[in-house]
Amino acid sequence: MAGLSLVVICSSENEDRAHMAAALDQYRLATIPHCASPKDIRQYLKTQFKSCSEQRGKFRDQILPWTPAAALDKEGLAVRVLSSERAGSGKSLAVFRLSESLRGLRNNNTVLDYLRDMEADVPLCISVPIYGPLVHQCDIAESLLPHIVLPDLPLSRIFHLDVHPSVRGGLDTLLFNLLVLGVLKSSSGQVWRRRSSDLYVIELTSAQCTSETVKRRLPISKRISSKKVIAEPFYRLLPTIHCGTPMQTLFQLRKNPMAGNSLNPLFDNGIFQNSCVQRVFQYLKFQESADNSLDNFWFIPGQVMGDHAECIETLTRNCGIEDPSWAELRHFVNFLNSQLQACEESSFCNMELVGDTLEGFRSFVVRFMILMSRVRVLIN
């Protein structure tokens, strides 16, 4: 066919024994062709993962508007990496928020209502854990195969690949085959094909170790021949959202008040307005004020005070950990909230009942609970 070329890449290992390599030797290039920069590759992949805004699907003899799950992504991409330097940085919460929005797609509503009447269970968000030192593609394919649906079924789903930090090899090949080639094969020969209507979210925790950092760690004699060692992993070429720690989030909010419109998730607004967080935040804020006593302070459910930055700053200042993760901060908040609820329900801490004999007792109890919550977070 005119205008098309075929490129064959052969390994130099055992080259003299490969009949295919010998047959194509006359076409060997004398020089290595130019390789695009990582920036260009990222942009190219981003273009390829861009999903069309709406398709058409046929379901029970009627044509439905078919909105792909990529519409839930801020950039409308069908592939997204959620990365963080530490565990407990809110990646799973970001996936949960995306999955909550799936039911709002009209095509999903129609299909699921029918399947529910047929007593068929088809999950919209499928989580596949990936762990162990070496990733085997066939294992992942066999985890996905039970979720095969008809190609023209107007169902938009999220596939959540949860990569454990213990993974050391095979991840690049898996992601390339699944996301770029769009195909995985099981050990029995069955094939899983990536549908353009689905959103693939890869969650992973990775230390920020650049190629230059690795290069500096190598002996001088090995730096020249270490190209394979310092090569960046394939997932860094994929569209990525970085999930930061509370302190990193606070820095972004202080530096740019409009940072909430960025791709990177900051402080989830649903969590901020949650009664659990607001109760702890308001008690901490009130007890830090020297002019106020906690004897007569009561939390009013549904009342939201402060902003995201002030809330994060207050919680991190009081949790007892210098640079906590979101998971550690949540543990502190949940424990202290349960203690404060018990205090509010206790008749011994009701100043209307015991204020004449136990003045200041409720303030003492609350401050002791805050101290106890700090200690609990530190020992866990």
Side-chain angles (χ1 to χ4, degrees), residues 42-82 91-128 137 140-162 174-186 190-203 235 237-241 261 263 265 270:
R42 288 189 187 96
Q43 187 58 45
Y44 171 78
L45 290 175
K46 201 171 183 180
T47 304
Q48 296 302 309
F49 293 142
K50 191 76 174 179
S51 180
C52 57
S53 57
E54 192 172 283
Q55 308 172 29
R56 290 288 174 180
K58 188 176 182 180
F59 181 67
R60 301 190 67 200
D61 298 327
Q62 60 175 323
I63 303 299
L64 287 178
W66 187 354
T67 305
L72 305 177
D73 182 78
K74 288 186 177 181
E75 293 184 305
L77 303 180
V79 172
R80 179 64 70 182
V81 173
L82 295 176
K91 301 184 296 295
S92 296
L93 176 61
V95 176
F96 177 72
R97 291 298 186 220
L98 286 172
S99 65
E100 281 185 322
S101 304
L102 280 173
R103 190 57 197 264
L105 302 181
R106 180 183 169 187
N107 51 292
N108 282 349
N109 252 329
T110 303
V111 174
L112 287 181
D113 287 344
Y114 173 76
L115 294 176
R116 188 183 297 107
D117 293 338
M118 301 295 293
E119 298 183 354
D121 183 22
V122 179
L124 291 179
C125 185
I126 297 94
S127 183
V128 179
Q137 297 180 61
I140 306 304
E142 288 165 6
S143 298
L144 294 171
L145 285 170
H147 303 286
I148 283 183
V149 296
L150 295 175
D152 58 347
L153 182 66
L155 198 63
S156 304
R157 298 177 294 177
I158 290 177
F159 287 90
H160 170 213
L161 306 182
D162 190 359
L174 168 71
L175 295 179
F176 183 82
N177 289 346
L178 175 61
L179 305 177
V180 177
L181 301 182
V183 174
L184 285 183
K185 188 177 73 171
S186 71
Q190 292 178 288
V191 173
W192 170 269
R193 295 187 182 277
R194 181 173 74 87
R195 300 202 314 166
S196 60
S197 61
D198 295 330
L199 170 62
Y200 282 77
V201 180
I202 300 92
E203 175 187 339
Y235 69 80
L237 299 175
L238 300 175
T240 301
I241 285 179
N261 298 324
L263 285 176

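Considering all non-hydrogen atoms of both residues, L175 and L238 come closest at CD1-CD1, 4.3 Å. Heavy-atom minimum distance, A70 versus S51: CB-CB, 3.6 Å. The shortest heavy-atom contact between G270 and R97 is CA-NH2, 4.1 Å. For R106 against P65, the heavy-atom pair with the smallest separation is NH1-CG, 3.6 Å.
To the nearest 0.5 Å, atom CG of residue L161 and atom CD1 of residue I126 are 10.5 Å apart. Rounded to the nearest 0.5 angstrom, T67 OG1 and L102 CG are separated by 11.5 Å. Rounding to the nearest 0.5 Å gives a distance of 9.0 Å between NE2 of H160 and CD1 of I202. Note that CG of L153 is 12.0 Å distant from CZ of R60, once rounded to the nearest 0.5 Å. The OG1 atom of T240 sits 10.0 Å away from the NZ atom of K46 when rounded to the nearest 0.5 Å. For the atom pair OG of S101 and CG of N108, the computed distance is 11.0 Å after rounding to the nearest 0.5 Å.
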Using side-chain contact (heavy atoms from CB on, under 4.5 Å), reason through L184 and L174 one step at a time and then give a plain yes or no.
CA-CA 8 Å; L184 285 183; L174 168 71; 3.7 Å; yes
Step by step, would you call S156 with W66 a side chain to side chain donor-acceptor pair (under 3.5 Å)?
CA-CA 8 Å; S156 304; W66 187 354; 3.3 Å; yes
Stepwise side-chain contact (heavy atoms from CB on, under 4.5 Å) test for L105 and L124:
CA-CA 11 Å; L105 302 181; L124 291 179; over 6 Å; no
Hey, mind stepping through K50 and L77 against side-chain contact (heavy atoms from CB on, under 4.5 Å) and telling me if it holds?
CA-CA 5 Å; K50 191 76 174 179; L77 303 180; 3.9 Å; yes
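Side-chain contact between T110 and F59: present, with at least one pair of heavy atoms (C-beta onward) separated by less than 4.5 Å. Annotation: side chain of V95 is not in contact with side chain of K91 (no heavy-atom distance under 4.5 Å). Side-chain contact between C125 and R157 is absent, with no heavy-atom pair separated by less than 4.5 Å.
Salt-bridge annotation for R103 and D113: present, with a side-chain N of the basic residue lying under 4.0 Å from a carboxylate O of the acidic one.
Taking the six-membered ring for Trp and thresholds of 30 and 60 degrees, Y200 and F159 have nearly parallel ring planes, at less than 30 degrees apart.
Proximity of a side-chain donor or acceptor of R195 to a complementary backbone N or O of L155 within less than 3.5 Å is detected.
Of the residues N177, L179, L144, the one that meets the side chain to side chain contact (heavy atoms under 4.5 Å, CB included) test with R194 is L179. W192 pairs in a side chain to side chain contact (heavy atoms under 4.5 Å, CB included) with only one of the listed residues (V183, I140, L178), which is L178. With L98 as reference, L72 is the one residue of L72, L82, D73 to meet the side chain to side chain contact (heavy atoms under 4.5 Å, CB included) rule.
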